[in-house]
Participant: 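Once you've had a glance at the structure underneath, I'll fire off some questions.
All values reported here derive from a predicted model rather than from experimental measurement. Just so it is clear: chains get the letters A, B, ... in the order the sequence lines come, proteins before strands, and each one is counted from 1.
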Amino acid sequence: METKIGVFLCNCGGAINNIDFDDVIKKVTKFPGVTCVNLSSDLCLEEGKKKMLSRIKGENIERVVVAACSPEFQGHILRGVLEKAGLNGHLLSMANIREQCSWAHDGDVTEKAVELVKMAVNRVRLLQPVEKKELPVNKEVLVVGGGFSAISAALQLSRVGLRTTLLEKEATLGTEGLGSFYGFDTGSMVSAVEGDGNIEVLTSAQMTEVEGEIGDFSVRIRKEGEEVFRKCGVIILATGYQTELALDSEPKLQAEGEAISGLNIVSQEQLCRMLQNSSLETEPKTIGFMFDFYDENSRFSTMATLNNALAAKKKWGSEVYVFYKSVKVDSEGIEKLYQEARDCGVVFLKSEVPPRITVENGRVNIKAKDVFLGEDIVLACDVLVAEELYLPVEGAENLSSLLNVRRDSRGFFQDENVHLYPVASERKGIFFIGGCRGDLDLGRVLTDISSVVMNVYELLSSGKILVEAEIVKADPQKCVACLTCIRVCPHGAIQLVRVDGSKEVAGISDLACYACGICAAICPAKAIKFQGYRDEEIMAQIEAIGKSLNGRNVAFCCEHSAYHAADLAGKLRLHYPENLRIIRVPCAGQVDVFHILKAFEKGAAAVLVMGCEDGACHHITGNTRAKERVKYSEMLLKEVSVDGGRVRMFNLSPNAPHKFVKAVNEITKIIKESGR
Amino acid sequence: MIIAERKPMEEIKQMIAPYKKVLVAGCGTCVTVCWAGGEKEVAILASQLKLARSAEGNEIVILEATVERQCEREMVAEIKDKVAEVEAVLSLACGSGVQTMAEMFEDKPVFPAVNTTFIGMPEKEGLWVEMCGACGDCFLDRTGGVCPIVRCAKGLLNGPCGGTRRGGKCEIDPEKDCAWVLIYRRLEKQGRLDLMRKYYAPKNYRAVKRPGKVQAAKA
């Protein structure tokens with residue numbers, strides 16, 4: 001018995017006025033399995049939804065197609081209607097006959113509308129239900145680090161009832177020097193930690209292995225020569241940073257003559273210690289500072305300099321000169337501090353290039369060309385607080401490979417991808433806070449800490465997380481354990497698991513999976529099934545374009561970028577050729593070479609693969625994979641004398657409708673000129 | 001495992017030129033893992049051939065099947081019905097699989113669509129490197145687990161040739177690591193450098209019997 005399909009059309013209150021709905025209804029009613037076709041003018045309103053619900057229930061409809069506005073608008077809500085009717089929310093397929101049909105083209109678009117509905121009907125016939133499941137999670141948190149951020153996070157987590165293990169590689173907790181200098185006493189914080197029943201402290205301890213995923217991490221730790229194991233639901237990295245004087249090595253600051261580092265040329269921390277040293281021999285009468293020349297990520301140096309400059313002025317009454325390239329005052333409280341420093345008599349000297357440093361007769365000479373005076377200034381001072389480079393900790397690379405997370409181009413944590421929330425990594429359940437993220441700024445550190453505590457609380461407090469069960473799954477019968485998906489998953493969500501007591505296959509974690517489909521596309525055994533985007537579901541859409549595929553251009557549009565841009569093009573009434581058929585995919589990386597070739601085999605004139613801009617893929621590597629596959633497809637097509645130029649990759653942002661239209665026009669022109 | 005690489009398209013097309021109905025048969029073991037002949041590659045090749053022959057005006061009907069291991073008679077037997085329907089079989093399995101198929105279906109031409117290249121491992125996803133030459137006389141115990149027969153350009157058995165380039169690279173192929181440098185460093189880590197001082201007689205290649213046979217003790 002055929003599955004009963006209900007098709008619900010909407011003319012958008014009359015805003016869709018270039019489609020002959022009578023014709024559509026007539027044709028759609030003839031599609032196999034369609035038992036109900038309903039035309040509404042207000043599916044987005046309560047009334048319209050009520051009518052839809054009653055028809056679904058009354059006529060025992062098993063699959064639903066909605067042909068109306070973009071799924072981005074009401075898709076979620078319509079799934080809710082299905083659930084109310086007792087159907088699984090995933091048994092819905094939508095045809096975008098408004099933004100991507102009626103509004104996108106001139107003149108009558110009935111034929112395209114019918115085809116779009118057919119594509120949706122073909123797909124919906126094959127859709128499988130996806131159940132929601134609650135999976136238990138380990139509520140414990142592992143915080144790697146022992147400084148201000150780590151300790152603060154542990155204390156706050158304890159306050160919200162979560163148990164934490166602090167993992168510190170040194171023998172003691174706490175932040176030296178600068179910690180107390182910034183007005184927070186990590187000493188008392190450390191005592192609070194030691195007295196807190198919810199916090200376990202492991203010092204002289206380092207991670208050696210991490211397995212598992214969010215809700216279920218297993219960590220192997222080496223503590224003083226012994227192995228210790230811990231399990232946790234979330235891992236927070238708060239490993240901090242290190243600084244290096246930009247001194248004495250090419251191409252950094254070159255001090256000529258005798259540079260006695262530590263005596264005349266010091267770091268901020270050393271100056272702090274001098275300020276705190278009540279038995280200091282000689283108080284420096286003239287102090288020079290420099291910053292923002294070698295490292296433009298200078299918020300930290302700015303704050304340190306201003307604080308230290310003021311402290312030196314107030315404590316010693318020294319003359320203080322600050323050499324800078326620019327004073328960046330965008331951190332909280334800095335502008336006020338800068339003003340205070342100037343009011344106190346700290347002299348600021350702007351220079352375009354780093355000053356030349358020499359040491360003579362126990363004094364440091366700083367020579368720089370002041371921008372405002374247009375003249376060289378030479379300052380002889382007792383102490384120079386040199387510029388410091390702000391660097392990732394030693395072992396950051398090791399940590400990153402242990403946790404299978406990427407770092408940015410300077411080696412700090414968190415990939416330079418715009419879609420990652422400030423404290424998040426590309427893997428669920430792994431977070432970064434504080435100095436290890438780079439660009440240390442006290443205000444931002446405090447926000448990091450509260451942010452991560454909130455995130456973790458939301459994830460773990462109930463002890464379970466709701467997931468869509470097995471939306472992407474590797475079939476253990478077909479999986480050959482080639483490990484490709486495990487290596488390729490940008491979110492570290494796949495592990496080798498044992499089934500039937502012995503065979504090892506790929507296991508995709510429901511908790512950690514982002515449902516991007518990159519694994520499904522790359523699996524050489526076609527073992528991975530991604531509900532809603534399986535090969536048969538993609539093919540069903542391609543085949544619906546059917547005999548009339550000749551002269552059709554098929555565009556695989558990523559839902560994070562191109563699909564949205566196409567919608568916008570419709571909203572702005574930017575017209576493009578009507579022969580484009582869009583297939584919505586969760587990520588350009590889910591488009592397989594197989595899909596591209598099949599589209600051509602079925603007669604497509606051209607295939608476009610459209611994904612996010614470089615460096616901005618929601619799934620980090622999806623658009624790069626897509627690009628490689630398009631190139632590979634080009635080669636495969638050339639091998640069989642099909643013009644390789646008919647398959648193209650386009651990168652665009654979701655708010656770039658003009659780029660979308662330009663791409664479509666470009667491909668259409670190429671096809672026309674090739675004479676097909 | 002066994003690493004194979006798809007043959008040039010021209011060669012494949014020529015093999016099946018006279019046939020109008022062909023089965024493309026994949027293998028679910030080694031060639032799946034090295035992306036040369038699994039179910040996906042079968043589908044892609046089938047698609048390409050259909051496109052190619054269509055463009056030439058010489059349509060072809062292609063059936064697809066993937067056997068778990070094409071070198072096992074029992075498994076190959078599972079697709080005998082499909083084989084019966086076609087004029088020829090294009091196998092994406094290694095040479096062992098192709099020959100098993102050819103033996104099971106003697107009346108049907110069975111063509112190899114891949115070149116079986118070597119026994120190797122993935123250096124990273126998508127890149128396989130040769131590791132073992134199947135010489136039948138393994139002496140990896142003496143070389144710290146690095147095989148100079150395969151990984152040394154000259155197949156030397158008793159230390160480097162003396163032409164090792166800076167950075168431990170091979171004299172002949174500067175992209176390659178000198179196998180004997182690798183061996184030295186490995187033995188050094190294990191404190192077994194004394195093995196480097198031992199002399200080993202040249203291998204007796206004449207003694208290599210082909211085709212090889214291994215008889216396991218009866219279970």
Side-chain angles (χ1 to χ4, degrees), chain A residues 475 477-490 494 503 505-506 518-528 535-536 538-539 542 550 592-604 607 621 625 628-629 632-644 646-647 676, chain B residues 1-4 6-14 16 24 26-62 64-70 92 113-114 121-128:
Chain A
D475 179 350
Q477 296 299 320
K478 288 182 110 179
C479 173
V480 294
C482 70
L483 306 182
T484 304
C485 61
I486 293 172
R487 292 177 182 139
V488 146
C489 174
I494 314 181
K503 186 176 178 208
V505 295
I518 291 175
C519 59
I522 211 171
C523 174
K526 291 206 159 299
I528 299 182
D535 285 340
E536 47 265 55
I538 302 278
M539 283 309 300
I542 294 177
N550 286 327
D592 184 14
V593 169
F594 168 74
H595 301 137
I596 298 173
L597 283 181
K598 280 291 182 204
F600 280 110
E601 199 193 306
K602 298 291 172 184
V607 173
T621 52
R625 301 244 169 235
E628 284 162 9
R629 285 181 205 146
Y632 182 46
S633 306
E634 258 182 286
M635 190 220 51
L636 291 174
L637 290 167
K638 273 209 186 80
E639 278 189 329
V640 292
S641 315
V642 173
D643 176 13
R646 291 163 173 277
V647 59
R676 184 167 162 178
Chain B
M1 75 239 129
I2 298 176
I3 310 297
R6 205 210 64 192
K7 280 180 171 294
M9 181 53 69
E10 276 314 308
E11 215 184 308
I12 298 178
K13 272 166 67 183
Q14 231 181 22
I16 57 165
V24 175
C27 173
T29 316
C30 305
V31 291
T32 293
V33 177
C34 68
W35 305 2
E39 191 174 320
K40 184 151 93 160
E41 306 303 322
V42 167
I44 291 175
L45 183 58
S47 208
Q48 277 184 290
L49 291 173
K50 276 186 248 179
L51 280 168
R53 292 279 288 254
S54 196
E56 290 164 16
N58 178 10
E59 303 280 342
I60 187 172
V61 171
I62 305 218
E64 299 172 33
T66 302
V67 179
E68 183 160 345
R69 252 195 329 279
Q70 247 189 62
L92 280 97
V114 306
M121 67 156 272
E123 204 168 87
K124 61 173 206 208
E125 95 263 1
L127 177 64
W128 291 276

Participant: Would you say the side-chain atoms of B:K40 pair up with the backbone N or O of A:A521, donor to acceptor, closer than 3.5 Å?
Facilitator: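 Yes.
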Participant: Salt bridge check: are A:R625 and B:E125 linked by an N-O gap of less than 4.0 Å?
Facilitator: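 Looking at B:E125 together with A:R625, the answer is yes, because their closest N to O distance falls below 4.0 Å.
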Participant: Between atom CD1 of A:I522 and atom CH2 of B:W35, what is the distance when rounded to the nearest 0.5 Å?
Facilitator: 4.0 Å
Participant: Show your reasoning for whether salt bridge (charged side-chain N to carboxylate O under 4.0 Å, His left out) applies to B:E10 and A:K638.
Facilitator: CA-CA 11 Å; B:E10 276 314 308; A:K638 273 209 186 80; over 6 Å; no
Participant: Examine whether an atom of A:D535 lies under 4.5 Å from a heavy atom of chain B, and if so say whether it belongs to the side chain, the backbone or both; otherwise answer neither.
Facilitator: neither
Participant: Can you establish whether the number of heavy atoms outside A:Q477 located under 6.0 Å from its atom CD is more than 12?
Facilitator: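 Incorrect, the count does not exceed 12.
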Participant: Find the distance between NZ (A:K478) and CD (B:E68) and round it off to the nearest 0.5 Å.
Facilitator: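 Rounded to the nearest 0.5 Å, the NZ-CD separation comes out at 11.5 Å.
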Participant: Check this for me: does any side-chain nitrogen of one of A:E639 and B:K13 sit under 4.0 Å from a carboxylate oxygen of the other?
Facilitator: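 Not counted as a salt bridge, because no side-chain N and carboxylate O are separated by less than 4.0 Å.
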Participant: To the closest 0.5 Å, what do you measure between CZ (A:F600) and CD (B:Q48)?
Facilitator: 12.0 Å
Participant: Mind ranking B:G26, B:A43, B:S47 by heavy-atom pairs under 4.5 Å with chain A and telling me who comes out on top?
Facilitator: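 Result: the option with the highest number of such pairs is B:S47.
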Participant: Hey, does A:L636 have a side-chain heavy atom less than 4.5 Å from the side chain of B:I44?
Facilitator: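 When only atoms from C-beta onward are counted, A:L636 and B:I44 do touch, with a gap below 4.5 Å.
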Participant: Within a 6.0 Å radius of atom CD on A:E536, are there more than 12 heavy atoms belonging to other residues, nucleotides or ligands?
Facilitator: yes
Participant: If you count heavy-atom pairs under 4.5 Å between each of A:P524, A:A527, A:C523, A:A525 and chain B, which one has the most?
Facilitator: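 Winner by heavy-atom pair count: A:P524.
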Participant: Taking only Lys NZ, Arg NE, NH1 and NH2, and the carboxylate oxygens of Asp or Glu, determine whether A:E601 and B:K50 approach each other closer than 4.0 Å.
Facilitator: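 A salt bridge is present here (some side-chain N lies under 4.0 Å from a carboxylate O).
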Participant: Using side chain to side chain contact (heavy atoms under 4.5 Å, CB included), reason through A:L637 and B:L51 one step at a time and then give a plain yes or no.
Facilitator: CA-CA 8 Å; A:L637 290 167; B:L51 280 168; 4.0 Å; yes
Participant: Side-chain contact test, heavy atoms from C-beta onward, threshold under 4.5 Å: evaluate it for B:E56 versus A:S641 and give yes or no.
Facilitator: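 A side-chain contact under 4.5 Å is absent here.
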